[in-house]
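In what follows, a structure is listed as structure tokens, so that the remarks can point back to it.
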Protein chains: 2
Amino acid sequence: MKDQVDGILQQWKQIKPELDCSSMGVVGRLRRVDNQWKQQLDTVFKKQEMSSIEFDILATLRRSQIPLTPTELYKTLMLSSGAMSTRIEMLVKRGLIERVYSEQDRRSCKVMLTDQGITIIDLALHAHLENMDNLLKPLNNDEKNQLAALLKKLLLAQQ
Amino acid sequence: MKDQVDGILQQWKQIKPELDCSSMGVVGRLRRVDNQWKQQLDTVFKKQEMSSIEFDILATLRRSQIPLTPTELYKTLMLSSGAMSTRIEMLVKRGLIERVYSEQDRRSCKVMLTDQGITIIDLALHAHLENMDNLLKPLNNDEKNQLAALLKKLLLAQQ
DNA sequence: TATTGTTATACTCTATAACTATA
DNA sequence: TATAGTTATAGAGTATAACAATA
């Protein structure tokens, strides 16, 4: 069975027979899968009225179990400090998080989930997990583990 | 050896022991790999003074071997017609493509690579292939083929 | 009326840097 | 001086819809 990438590789083979495009068969497919997944994941986030970044902020706070500073958050999530401030302000306005100002260092604050924030992120997490389970339906358990192992090898190599 | 995703999964296990987060181990890793790759691919495109979308337009024209209409291009590359018009105009201004107006249907045109466009995309393609080869260095040939096969299975299932 | 392609508008998101307050 | 966090600005990129020309 042929997918779109097979067609693309075949076209290149015709016009550039001397080139080895095999890496495109891996990279191109991974980027396409990511693109499809990204869209489906965003659909579910939108239903909870949040962006994927906002989900990541709330989820990071939830699983840390302790309040984090904006600096810790933007470094973890690889955003600029300005972008993080904007996102935090949005979530504060919606009552999902609150800022707790430090006693020791009065420049600093910690970002903390509100009760409502915890409720919302727990709901969103459930929907997100179900969504990801669906994305992986085409693979059996062995294949999922294989895929995870290959991706982990790539991630560990780049760090 | 543990990667970042292992740490995240472990945190969720602590706070939500009843949840099966295994899908996150696959989806999360794929999304992280894509993110890293995207950045490295963009770096090389930037050196050729193009965006990844512009590369895709030029590459699509190159491997098709025939001029394509803006409509064909925006449907293939999944952009809006307006966004495609803007991109085409940029590439025309830089002399990489030109519009050939149709005789049969005077609303329509075909987008064609110029000689300079062919030179540029051929150079960019070489750099891009080399870049992708580097991204896949952590895997041996068997592993690359396994990864491609798993991703293909996912792509075929979603179509 | 429908379609092709362009243009105008508005929106989202971001990085950068200026800025305030504090260390 | 350096750091934590916010705010202001500008930029990139897009989708949407209005538009002109043609089918």
Side-chain angles (χ1 to χ4, degrees), chain A residues 31 34-35 38-39 41-43 45-58 60-61 64 66-94 97-112, chain B residues 31 34-36 38-39 41-43 45-58 60-61 66-94 97-112:
Chain A
R31 303 229 54 206
D34 180 81
N35 213 41
K38 182 171 138 60
Q39 287 177 35
L41 296 173
D42 281 345
T43 302
F45 291 143
K46 250 179 211 157
K47 278 185 196 156
Q48 335 268 332
E49 289 175 342
M50 60 176 79
S51 67
S52 75
I53 292 275
E54 287 169 337
F55 175 88
D56 284 341
I57 294 172
L58 298 176
T60 301
L61 291 168
S64 299
I66 51 168
L68 301 172
T69 64
T71 302
E72 288 167 332
L73 282 170
Y74 79 69
K75 284 184 178 166
T76 302
L77 300 177
M78 296 197 290
L79 275 185
S80 67
S81 60
M84 183 55 70
S85 272
T86 308
R87 288 300 110 200
I88 287 173
E89 190 51 32
M90 298 281 281
L91 292 169
V92 168
K93 276 186 185 149
R94 286 166 56 194
I97 59 176
E98 57 190 359
R99 295 188 185 85
V100 182
Y101 294 91
S102 168
E103 300 282 320
Q104 292 86 18
D105 182 344
R106 290 174 53 200
R107 293 169 304 180
S108 183
C109 67
K110 301 251 186 196
V111 177
M112 199 178 96
Chain B
R31 304 227 56 203
D34 180 81
N35 213 40
Q36 289 187 0
K38 182 171 140 61
Q39 286 178 35
L41 295 173
D42 281 346
T43 303
F45 292 143
K46 250 179 211 157
K47 279 186 195 156
Q48 334 268 331
E49 288 176 343
M50 59 177 79
S51 67
S52 75
I53 292 275
E54 287 169 338
F55 176 88
D56 284 341
I57 294 172
L58 298 176
T60 301
L61 291 168
I66 52 167
L68 300 171
T69 65
T71 303
E72 289 168 331
L73 282 170
Y74 80 68
K75 285 183 178 167
T76 303
L77 300 177
M78 295 196 291
L79 275 186
S80 67
S81 60
M84 183 55 72
S85 272
T86 308
R87 290 298 111 199
I88 287 173
E89 191 52 33
M90 298 282 280
L91 292 168
V92 167
K93 276 187 184 148
R94 287 166 56 193
I97 59 177
E98 58 190 0
R99 293 189 187 85
V100 182
Y101 293 92
S102 167
E103 300 282 320
Q104 294 86 17
D105 183 342
R106 291 174 54 200
R107 291 170 305 181
S108 182
C109 67
K110 302 252 186 194
V111 177
M112 199 180 95

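In what follows, chains are A, B, ... by sequence order, proteins preceding strands, each numbered from 1.
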(request) Could you check whether Q104(A) gets within reach of a base, just the sugar-phosphate, or nothing at all, counting any heavy atom under 4.0 Å? (result) sugar-phosphate

(message) Just N and O in the side chain of R106(B): are any of them under 4.0 Å from OP1 or OP2 of dT22(D)?
(response) yes

(message) The criterion is side-chain contact (heavy atoms from CB on, under 4.5 Å); which residues satisfy it with S52(A), sequence neighbours excluded?
(response) D42(A), F45(A)

(message) Without decimals, in angstroms, what is the distance between M78(B) CE and dG13(D) P?
(response) 18 Å

(message) What is the separation between atom CD1 on I57(B) and atom C1' on dT14(D), rounded to the nearest whole Å?
(response) 13 Å

(request) Please identify each residue that fulfils side-chain contact (heavy atoms from CB on, under 4.5 Å) with S102(A), with sequence neighbours left out. (result) Q104(A), D105(A), S108(A)

For nucleotides 2-4 of chain D, list the nitrogen or oxygen atoms of the protein found under 3.5 Å from its nitrogen or oxygen atoms, one pair per line.
unit_1, atom_1, unit_2, atom_2, d
dT3(D), O2, R107(A), NH1, 2.5

(message) Rounded to whole Å, please give me the gap between CE in M50(B) and P in dG13(D).
(response) 13 Å

(message) So which atom in Y74(B) and which in S81(B) form the shortest heavy-atom distance, rounded to 0.1 Å?
(response) CE2-CB, 3.4 Å

(request) Round to a whole Å and report the spacing from CG of L73(B) to P of dT4(C). (result) 14 Å

(request) Find the distance K93(A):NZ to dT6(D):P and express it as a whole number of Å. (result) 12 Å

(request) Would you check if L77(B) and I53(B) make a side-chain contact, meaning some heavy-atom pair closer than 4.5 Å? (result) no

(message) If the test is side chain to side chain contact (heavy atoms under 4.5 Å, CB included), which one of M84(B), K110(B), R87(B) qualifies with L73(B)?
(response) M84(B)

(request) Please state how far atom CG in L91(B) lies from atom C1' in dT6(C), giving the value in whole angstrom units. (result) 16 Å

(message) Tell me if a side-chain donor or acceptor on E54(B) pairs with a main-chain N or O of S51(B) at a distance below 3.5 Å.
(response) yes

(request) Write down the distance between CD (Q39(B)) and C1' (dT14(C)), rounded to a whole number of angstrom. (result) 13 Å

(message) Just to verify, what does V92(A) make a side-chain contact (heavy atoms from CB on, under 4.5 Å) with, not counting sequence neighbours?
(response) I88(A), I97(A), R99(A)

(request) Indicate yes or no: at least one non-hydrogen side-chain atom of P70(B) is less than 4.5 angstrom from one of C109(B). (result) yes

(request) Could you check which residues of residues 79-90 of chain A get a heavy atom under 4.0 Å from DNA chain D? Sort them by number, please. (result) S81(A), G82(A), S85(A)

(message) Please enumerate all residues that pass side-chain hydrogen bond (donor to acceptor under 3.5 Å, both in side chains) together with D34(A), with sequence neighbours excluded.
(response) R31(B)

(message) From OH of Y101(B) over to P of dA23(D), roughly how many Å is that when rounded to an integer?
(response) 15 Å

